Amino acid sequence: MIPRIIATGSAVPEKIVTNDDLSRHMDTSDEWIRTRTGIRERRISEEAPEQKLFSLSREAAERAIAMAQEEFGAEFSARTGQQGFSREDIELVIVATCTPDMAFPATACRLQDALQLGPAAAFDLSLACTGFVAALNTAAAFIQCGRYRTVLIVGADVMSRMIDWSDRNSAVLFGDGAGAAILSGDPRFSREGSGFLDLVMHADGSGTEALKCRAMYFNEAEPAREYMDGRRVFEFAVKKVPEVIREVLARNEKEPSDISLYVLHQANYRILESVAKRLSEPMEKFPHNIESYGNTTAGSIPILLDELNRSGRLEAGDLLCLAGFGGGLSYAAALLWW
Ligand code: COA
């Protein structure tokens, strides 16, 4: 079975925190943040601690399910002689996150119940900003081997819960958000020429110190705080992201110019510019929303994908390149025909 993304969804908190808002509490400025990162504002969750990640994930997933039902119908269709998309079609839920509300149960299990998915399998995985691409890889592998036909994947993070607000180096970079995609190999939802092509993932664990956060339950008296060596992470990203993109392209005998759009993790606008330059590709092929949401970690790629999908920027036959990178240090790139 060839998996394809049949629907997307996303959700961000209502509360907007602008650069000027931050500059009232720390030694920074709108000008510094905009010119160094491209970020203008971010969203911050105000939900109760045990609901933050869950409610964003649920909203994003509900939107993806609604999109699938709009596209394929929710009932049996006499015209096609087929059942439309039902919640029962989802056989597995994977949530990629590094900021869960609870150590356990997995957020995916809470979603399985809240979304009324029947006895679907469910688990979380953790790979920081590369998490969504890792979930995509896992879901695609399950579908390709015939184990499951339809998988709901969610990339979501609430980085505001682990930001060190006294560290201007990284506090200005992050925001909260969630994105979801439904991946299916079911022939009922197939479309000629559309589907997952390939994916390459790597990790360089020697870089763990550059981007890290202790487990949240480690010591309640001293909350877990994210630490980042920004310069090192920047250098890693601008070198490894073009490399892994070239690797997945070469494996499939493609060139950068064959790609219609590069849907990259939104960490810093200057990283996008540098990757575009190294691939000799125009910035028009690198859509971005970092200005509105900052870095939403595992949420960034699926939120952007959903925005592109809903605004009609994705056309049948487009070859998309998705690339994630971050804590690990991990990096991955995927190719898919839209
Ligand atoms: N406001 C004002 N000044 C700030 C600041 C802020 N929010 N953050 C840092 N500075 C200061 C630094 O203290 C430094 O001052 P100094 O020269 O007096 O020591 C100066 O700005 C320059 O810092 P530098 O680290 O050289 O800036 P930079 O151009 O490398 O940009 C980052 C910093 C963090 C924006 C950049 O390194 C980056 O984006 N890194 C990757 C981060 C990332 O993507 N992380 C997630 C990966 S998934």
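First listed ligand is number 1; within each ligand, the first listed atom is number 1. Worth saying up front: this structure is predicted, and the values here are computed from it rather than measured.
- By the 4.5 Å heavy-atom criterion applied to side chains, Ile259 and Leu249 are counted as neighbours.
- Protein heavy atoms all stay at least 4.0 Å away from atom 17 (O) of ligand 1.
- We find that Glu243 and Lys239 are joined by a salt bridge, their nearest charged nitrogen and carboxylate oxygen being less than 4.0 Å apart.
- With a 4.0 Å heavy-atom cut-off, ligand 1 is reached by the side chain of Trp32 but not by its N, CA, C or O.
- Summary of contacts: the protein heavy atom closest to atom 14 (C) of ligand 1 is Arg168 NH2, 4.7 Å.
- With hydrogens left out, the protein atom closest to atom 22 (C) of ligand 1 is Arg36 NH1, 3.5 Å, a heavy atom.
- For atom 32 (C) of ligand 1, no protein heavy-atom neighbour is found at a distance under 4.0 Å.
- Below 4.0 Å from some heavy atom of Val233 lie the following atoms of ligand 1, by number and element: 43 (C), 45 (N), 47 (C).
- Linking Ile, Leu, Val, Met, Phe, Trp and Tyr whenever their side-chain heavy atoms come within less than 4.5 Å puts Leu304 and Leu127 in one cluster.
- The nearest protein atom to atom 34 (C) of ligand 1, hydrogens excluded, is given as Asn169 O, 3.9 Å; this is a heavy-atom distance.
- Under 4.0 Å is where a charged nitrogen must lie from a carboxylate oxygen, and between Asp30 and Arg40 no such pair does.
- From the protein, the heavy atom lying nearest to atom 46 (C) of ligand 1 is Asn295 ND2, 3.5 Å.
- Taking a cutoff of 4.0 Å between a charged side-chain nitrogen and a carboxylate oxygen, Asp198 and Arg251 qualify as a salt bridge.
- Below 30°, between 30° and 60°, or above 60°: for Phe72 and Phe189 the angle between ring planes is between 30° and 60°, a tilted geometry.
- The pair Lys15-Glu41 does not meet the salt-bridge criterion, since no charged nitrogen lies less than 4.0 angstrom from a carboxylate oxygen.
- Close contacts between ligand 1 and Gly326 involve ligand atoms 48 (S) [criterion: under 4.0 Å to a heavy atom].
- Ring geometry for His265 against Phe325 counts as perpendicular: the plane angle is over 60°, on a 0 to 90° scale with 30° as the lower cut.
- By the 4.5 Å heavy-atom criterion applied to side chains, Arg270 and Val238 are not counted as neighbours.
- Taking 4.0 Å as the cut-off between side-chain N and carboxylate O, Glu209 and Lys212 count as a salt-bridged pair.
- Those atoms of ligand 1 with a heavy atom of Asn268 less than 4.0 angstrom away are 35 (C), 38 (C), 39 (O).
- For atom 1 (N) of ligand 1, the closest non-hydrogen atom on the protein side is Thr28 OG1, 2.6 Å.
- With respect to Asp21 and Arg24, a salt bridge is recorded, a charged nitrogen being found less than 4.0 Å from a carboxylate O.
- Residue contact check: Arg270 has heavy atoms under 4.0 Å from atoms 28 (P), 29 (O), 31 (O) of ligand 1.
- With a heavy-atom cut-off of 4.0 Å, Thr297 does not touch ligand 1 at all.
- The contact set between ligand 1 and Thr37, taken as ligand atoms under 4.0 Å from a residue heavy atom, comprises 35 (C).
- The shortest N/O to N/O separation between Ser29 and ligand 1 does not fall below 3.5 Å.
- The single protein non-hydrogen atom nearest to atom 24 (P) of ligand 1 is Arg231 NH2, 3.4 Å, given as residue, atom name and distance.
- Ranking the protein heavy atoms by distance from atom 48 (S) of ligand 1 puts Cys129 SG, 3.2 Å first.
- Listed by number with element, the atoms of ligand 1 under 4.0 Å from a non-hydrogen atom of His265 are 48 (S).
- The nearest pair of heavy atoms linking Ala96 to Ala298 is O-CB, 3.5 Å.
- Within ligand 1, counting atoms from 1 as listed, the ones closer than 4.0 Å to a heavy atom of Ala267 are 44 (O).
- Counting protein heavy atoms only, atom 45 (N) of ligand 1 is closest to Met228 SD, 3.1 Å.
- Proximity of a side-chain donor or acceptor of Ser300 to a complementary backbone N or O of Thr296 within less than 3.5 Å is not detected.
- When Gly230, Ala128, Ser170, Gly38 are ranked by how near their heavy atoms come to atom 41 (C) of ligand 1, first place goes to Gly230.
- Each of Leu319 and Phe196 belongs to its own hydrophobic cluster when Ile, Leu, Val, Met, Phe, Trp and Tyr are linked at side-chain heavy-atom distances under 4.5 angstrom.
- Residue Val172 touches ligand 1 through its side chain alone, judged by heavy-atom distances below 4.0 Å.
- Which parts of ligand 1 touch Phe325 is read off a 4.0 Å heavy-atom cut-off, strictly below it: atoms 48 (S).
- Residue contacts with ligand 1: Met26 is excluded, as none of its non-hydrogen atoms falls under 4.0 Å.
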